[in-house]
Amino acid sequence: MKYDVCVIGSGAGAGPVIYELSKAGYKVVVLEKGPWAKTEDFNKDEMTATRRDSFRPALKDECHTVVKKNKEGKWMKRSTYDSGRSFWNGNCVGGSSNFMSAYFHRLKPVDFNLLSKYGPIEGANVVDWPINYEDLELYYEKTERIVGVSGKVVNHSFLEPRSTSDFPFPPLQENIFSSWLDKGAEKLKYEIFPTPRGIISEPKEDRNSCYYSNFCGSYGCSSDAKSSSRVALIESAVKTGNCTILPNSKVYHLETNGDGKIIKANFYDINNEKQFIDASIFVVAAQAVETSRLLLMSKNAEFPNGVANNSGQVGKNMVYSSGGVGSGQMYYSDLNKEDAEALDTPGLFINRAIQQWYEIDHPELGRVKGGTIDFVSEHANGITKAIKLKKTSGGRLLYGAALKKRLFDYFTKQRKLKFEIFVDWLPNDKCYVTLDDEVKDKWGDPVAKIWAGHHDHDNKVARYLADKTELLFKEIGMKNVSTGIGNSPPANLQAGGCRFGDDPKTSVLDKNCKAHEVENLYISDGSFMPTGGSVTYTFSIYANSFRVADKIKTDLENNY
C-alpha cells in the first residue's frame, strides 16, 4: 500500500502531524523504533523506570559516542556503553513525551530574534528565526487545548502575549513549600508564578486526571493525565481508521529517486527483516540526534553526504538545554509539627517558576538574554537517593551502621527541594552530530557521534540566575544551599541539527520545516530550532508540529 504520509518517530514532534492528518482523512503510517507500550504497561516500579532499559534500547545493542573536553582541555570520545550514561530516552510509541516532567513554558517573542535583539556573540552561531512568535501563538493555544495544559496565567514582566486569558485546566495541587516560596519572593520583590504543566488536573475525554502518585518525571503515567503524544494524540488518530502504527521498526535509509524526492523509507522490522514503506510525503521526527543520524546515513549519488545535506548543514548547530541545578534542605526539626507534616506530604507539586531575568542588563554581563528558574521536588526514586548517599564528601565508601544511619536520617528527618535553571545553549561549531566510523549498532549501522562543545557565555548567565535563586532559598530558611552549573548535554533536552531558515546554504529546512533540497520531506521534531530559548523544548515542539501539519495538509491538497 502507498500511504499519503509516512511519519518516522512518534513523540512530541510526530504526534500532532499524525493526529491532524489522520483526522483530515489521509492515510498515515508511523514507523516507531521502539515497542508500543500501553498505559497498563506503565507502573511506579523504581527498578523498571530508572535502573533498567525497559523503555529504551540496551546500550550493548545501540549506543552513542560522546565527544567532550576533559579536564586538560583535550577532546575525548567515549561510548555510552562504556560510561553507562544512556543518551536514549523513551524509545516507544509516544517517545520521550511518555516520561517527561512536562514543564510547559512558551518561548518568548525575543527568542525568535536573538541576533537582532542582542547582536552577535563571538564563537556562537546565533541567528534569527524565519518566523515570529505570532506565527506560533495560535498553535500554542491549540496544544494547550488538545494536548492538555494546566496552570494559571499570572501577569509578570516577561509574560508572553496570549490569545486566551488562561489555561484550559486549573493548576495542579501544590505542596505547602510553594506558599513559602511565594512569601520569600514577595520579600525579595521576585516575580514568581505558577508553572504550567502538560498534565491535566481534571478528566478529559478518555483520560483521567492526575492522582499525585509521587512518581512523575522519568515515569510513564498510569492515569493518562500526562499529556504524552501517545495518549493525547496518537490514540485518537488510530481510532479514525486512517493511522497505522508499526512498532519495532528501525528506519535505516531514506531512498530518493534522483529527482529530489523520497520514494521509500527502508526499515528493519521486529524480526530484523528489511522492509520498506512507500508514501507521498515523509516526515522525520526521531528526536534531534537520531533525525540527523538518519539523514546522514541516507547517502546515494544524489546526496553523497546524506539526504538533504548537499549544504553540509545536517547535524550542525545542535543545541541542548544549558543551565544548572540547585538544592537546599528543610529539616523537620526546624518546623512546627503541622508544617513538617504538610511539607512531608508526597505527590503534590511545587509548580513555581521565575522569569524575571529572562533578559539581563548587568554591568559585567551587559544586556543579554537570561533564562527561566523552575522549582521542583527532589526526584522521588528512593534508589537514586540512596546511591548518592553511599559515599562521603571525600569519596570514602560508607557501609554498615554508618550507611544505615545516613539513609535513615535522609529519608525521615529532612526534605530536599531543588531548582532548575534553563538558559540558551548557544549553537557553536563544536556542537554537532556525525556518524561514528568505528562503532556500529546491532544492525551494523554507524551510531551517532555527538560532539558536545559548550560556550562559556551560557555558564555566566546560569551563574547569575543561580545567585538570585540561592538568595530566595536562604530567605525561606533552607540549609545547605548550593548550585551546580553543568556543561553536559542532557539527553532529554535536545534540538537543532536541521535548523530552518530562508537561505538553503546555511539551513536544512525552509520556514515551513520542509527540506530545501527534498520536495516531499518535512522534519517536525526539535531539529528545526536554530536556537532553543530558555525553556524546555517540548511545548514548542508540539506547537510547531501542529503548524507543520497544516503546511503538509496544504501540500497534499495542492500537489498529491
*Taking 4.0 angstrom as the limit, do Glu144 and Arg106 come out as a salt bridge?*
yes
*From CZ (Phe177) to CG (Leu348), nearest 0.5 Å*: 13.5 Å
*Are more than 12 heavy atoms from other residues, nucleotides or ligands located less than 6.0 Å from atom CD of Glu186?*
no
*Side chains of Lys468 and Gln356: is there a donor and an acceptor less than 3.5 Å apart?*
no
*asked:* How about CZ on Arg85, more than 12 heavy atoms from neighbouring residues, nucleotides or ligands closer than 6.0 Å, or not?
replied: no
*For Glu174 and Asn351, does a side-chain donor sit closer than 3.5 Å to a side-chain acceptor?*
no
*Do the numbers put Lys204 on top of the ring of Phe169, so that NZ or CZ is under 6.0 Å from the six-membered ring centre and no more than 45° off the axis?*
no
*asked:* Using 0.5 Å steps for rounding, measure from the CD atom of Gln414 to the CG atom of Leu335.
replied: 11.5 Å
*Would you call Glu235 and Arg207 a salt bridge, using N to O less than 4.0 angstrom?*
no
_Check the orientation of Tyr320 and Phe87. Use parallel for under 30°, tilted for 30 to 60°, and perpendicular for over 60°._
perpendicular
*What's the spacing between Lys416 NZ and Tyr410 OH if we round to 0.5 Å?*
4.0 Å
*Quick check: does any side chain N or O of Asn208 sit under 3.5 Å from a backbone N or O of Pro203, one acting as donor and the other as acceptor?*
no
*Does some side-chain heavy atom of Phe158 sit less than 4.5 Å from a side-chain heavy atom of Thr372?*
no
*Got a second to check how far Asp424's CG is from Lys369's NZ, nearest 0.5 Å?*
3.5 Å
*Trp36 side, atom CH2; Ile245 side, atom CD1 - distance, nearest 0.5 Å*: 5.0 Å
*Counting only heavy atoms not in Glu338, do more than 12 fall under 6.0 Å of its CD?*
no
*Taking all atoms of both residues into account, what is the closest heavy-atom pair of Asn214 and Gly347, and its distance?*
OD1-N, 3.0 Å
*How many angstroms lie between atom CG of Asn175 and atom CZ of Arg415, to the nearest 0.5 angstrom?*
5.0 Å
*asked:* Before we go on, tell me: are the rings of Phe42 and Tyr219 under 6.0 Å apart, centre to centre?
replied: no
*If we ignore angles and hydrogens, is there a donor and acceptor under 3.5 Å between the side chains of Ser157 and Tyr358?*
no
*Aromatic plane relationship, His454 with Trp425 - under 30° parallel, 30 to 60° tilted, over 60° perpendicular*: perpendicular
*Could you walk me through whether Tyr212 and Leu172 pass the side-chain contact (heavy atoms from CB on, under 4.5 Å) check?*
CA-CA 9 Å; Tyr212 307 97; Leu172 297 159; 3.8 Å; yes
*Flag yes if more than 12 heavy atoms outside Tyr268 fall under 6.0 Å of its OH atom; otherwise flag no.*
yes
*Within 45° of the ring axis of Phe419 and under 6.0 Å from its six-membered ring centre, is that where the NZ or CZ of Arg352 lies?*
no
*Any luck finding a side-chain donor-acceptor pair between Glu62 and Asn91 under 3.5 Å?*
no
*Charged N-O contact under 4.0 Å between Glu290 and Lys33*: no
Side-chain atoms of residues 398-405: list all donor-acceptor pairs with protein atoms under 3.5 Å, sequence neighbours left out, distances to 0.1 Å.
residue: Lys405; atom: NZ; partner: Asp409; partner atom: OD2; Å: 2.7

_Is it the case that atom CG in Asp206 sees more than 12 heavy atoms from other parts of the structure closer than 6.0 Å?_
no
_Side-chain donor/acceptor of Lys44 to backbone N/O of Gly220, under 3.5 Å_ = yes
*Can you label the angle between the His156 ring and the Phe193 ring as parallel, tilted or perpendicular, going by 30° and 60°?*
parallel
*Matching residue for Tyr190 among Trp357, Phe473, Phe375 - test: ring pair (Phe, Tyr, Trp, His ring centres under 6.0 Å)*: Trp357
*Can you establish whether the number of heavy atoms outside Leu188 located under 6.0 Å from its atom CG is more than 12?*
yes
